[in-house]
2 protein chains.
Amino acid sequence: MTEDKNPIQVAGRLFGALEYLAEHGESGLMEISEHLGLNKSTTHRIVSSLQYMGYVRQSRESGRYELTFRIVDLSSQVMNRMDIIGIVRPFLRKLMEQTGETVHFVKREGAEIVYIDKVEAYQNSIRMVSHIGSRMPFYRSAVGKAMAANMTEQEVRDLWEASEIIRVTPSTIVDYEEFCRALGQVRANGYALDNEENETGVRCIGASLMISSDASEKPGTEYAFSISVPISRMDEERVRELSGYVLATKTAVEEAFHSSR
Amino acid sequence: MTEDKNPIQVAGRLFGALEYLAEHGESGLMEISEHLGLNKSTTHRIVSSLQYMGYVRQSRESGRYELTFRIVDLSSQVMNRMDIIGIVRPFLRKLMEQTGETVHFVKREGAEIVYIDKVEAYQNSIRMVSHIGSRMPFYRSAVGKAMAANMTEQEVRDLWEASEIIRVTPSTIVDYEEFCRALGQVRANGYALDNEENETGVRCIGASLMISSDASEKPGTEYAFSISVPISRMDEERVRELSGYVLATKTAVEEAFHSSR
DNA sequence: CTTATCGTTCCACTATGTGGAACAGGATAT
DNA sequence: ATATCCTGTTCCACATAGTGGAACGATAAG
């Protein structure tokens, strides 16, 4: 683990400011300056540069800075390139309608998974774009386990070691042996479970998708989906009922995908 | 119009590479290098820096570069901060259900408008995030005219002069006098029309929203919404019918917003 | 009125980014 | 199999481009 440096110093500072503004919203110069550990003057130049390029704007009277929608535009371009979302979405929507629960669609990115789509259950009025783009480790999500179950022992080991294992709930799996045993269960069932391992009060059922957009990735380790259900609505019997829908969705998507190639 | 320079040279290059990758997807180093007009070596350092920060990843075998979802994550954070979307969404959804047509929600940003939300008509299976974040000039959109109608003559003039007026369809308004006359119509009707002025075959009905999240902005010039309808489904009679729903939505949103403050 | 705080500008210094050149690995052509 | 062309990658001397201290102006707070 050699601690490489950023090949361009200012780059780290520019994106540091960008990320700070994304997280905290409208902010003062000193606030950003302090957070980056930089001189007021240096920070000002950095923010001015972002403003010059149209990523940041300054409130006329308060003098505070905030992000424009330029970054949202870039994000949209990236999302529009993901044709797979449009293909899979109708199936996920159907799953949501069958179960009445929220459905997530994720993609592997290194040792993490990224939410790339979401079909919200009707009763919740949260908007769809909410979590999209956010990341999560493999080891404590149903989708992660579903994908890991298709990997070789070596690949699983690498993944485990690349992750920072943190116990975020009492049920989080923090032992490698136990994780491997859980993967065995996944292989036997065809679907993966997350029993409040990531968030207390939420159980998930996930399945991998044997599809690949890129020949370099091994099928079954690139995309996965899951339904998230509050514990109150998810006893053992409902797990059995819902897992049926999940497995049906898995095969439907895989068939549709392969016939369209 | 003084041609200022970017206070940080590399910043322009970093974001130039980022934008290129967003637009073109997976690209080779030489391709980016040529587009930026930079030395191979310089480009390599720039892309490596983006990779170091997690915004870019390199395909293991092809050696080509592409964006990660990091940028989508930032975008999500920005969108989640826009509480207004969650407040307005239910009304726009209702409007879509009443009319069966696609509804857009936009925000002013300088001399342009930005799409910040969209409720797609059921028959279309395009996904929601599609255009979000993309920009459009004021002068040739229903939403832009709806907002401009609430501005002073001076403000309208400034807006017109800040825009690059381009005739994109035979109906595009490219004359300032004519634009002002159109605004008069908007004030009389309470809603704005776009008769294929931006895209041939598409008519829009838009209305401004007298709400403001920021005291610095004048109400009625910050947010607006519209419905977009193919010309085949939009004769004069249907305009009258749909404009009723649009106006009803406008007042409903404004009431809900003011009572929630 | 005084004091504190924030955003902005200036400028001398040198750390930092630059790009030519040389290298390494594949793919394609000969 | 060998040569020729592409890639992407590393190295390094040079000077350009970014740095941050200090001083300024404007606004808000005491």
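So you know, we letter chains A, B, ... as the sequences are listed, proteins then strands, and number each from 1. Quantities reported herein were computed from a predicted structural model and do not represent experimental measurements.
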Exercise for the section: For atom CD of Glu155(A), decide whether the heavy atoms of other residues, nucleotides or ligands shown that lie under 6.0 angstrom number more than 12. Expected result: yes
Handout entry: ring-ring contact (aromatic ring centres under 6.0 Å, His included) involving Tyr139(B) - partner list, sequence neighbours excluded
Key = Trp160(B)
Practice task
Please measure how far the P atom in dT16(D) lies from the corresponding atom in dC12(D), and state the result in whole Å.
Solution key: 22 Å
Handout entry: Pair Glu153(A) + Arg157(A), salt bridge at N-O below 4.0 Å
Key = no
Problem - Partners passing side-chain contact (heavy atoms from CB on, under 4.5 Å) against Asn198(A) (at least two apart in sequence or in another chain) - result: Met136(A), Arg140(A), Val168(A), Asp194(A)
Completion exercise
Sorted by chain and residue number, the salt bridge (Lys or Arg N to Asp or Glu O under 4.0 Å) partners of Glu19(B) (sequence neighbours excluded) come out as Arg70(A)
Practice task
Could I get the full list of salt bridge (Lys or Arg N to Asp or Glu O under 4.0 Å) partners for Arg135(B), not counting sequence neighbours?
Solution key: Glu112(B)
Problem - Aromatic plane relationship, Tyr20(A) with His35(A) - under 30° parallel, 30 to 60° tilted, over 60° perpendicular - result: tilted
Completion exercise
Counting primed atoms, P, OP1 and OP2 as sugar-phosphate and everything else as base, the B/S/- map of nucleotides 6-21 of chain D against protein heavy atoms under 4.0 Å is -SBBBB-----SSBBB
Handout entry: Degree of bending, the helix from dT16(C)-dA15(D) to dT30(C)-dA1(D) (end axes from five pairs; round to 10°)
Key = 0°
Handout entry: Donor on one side chain, acceptor on other, Ser49(A) and Asn6(B), under 3.5 Å
Key = yes
Fill in the blank from the handout: Separation of dC6(C) atom P from Ile32(A) atom CD1, nearest Å, is 12 Å
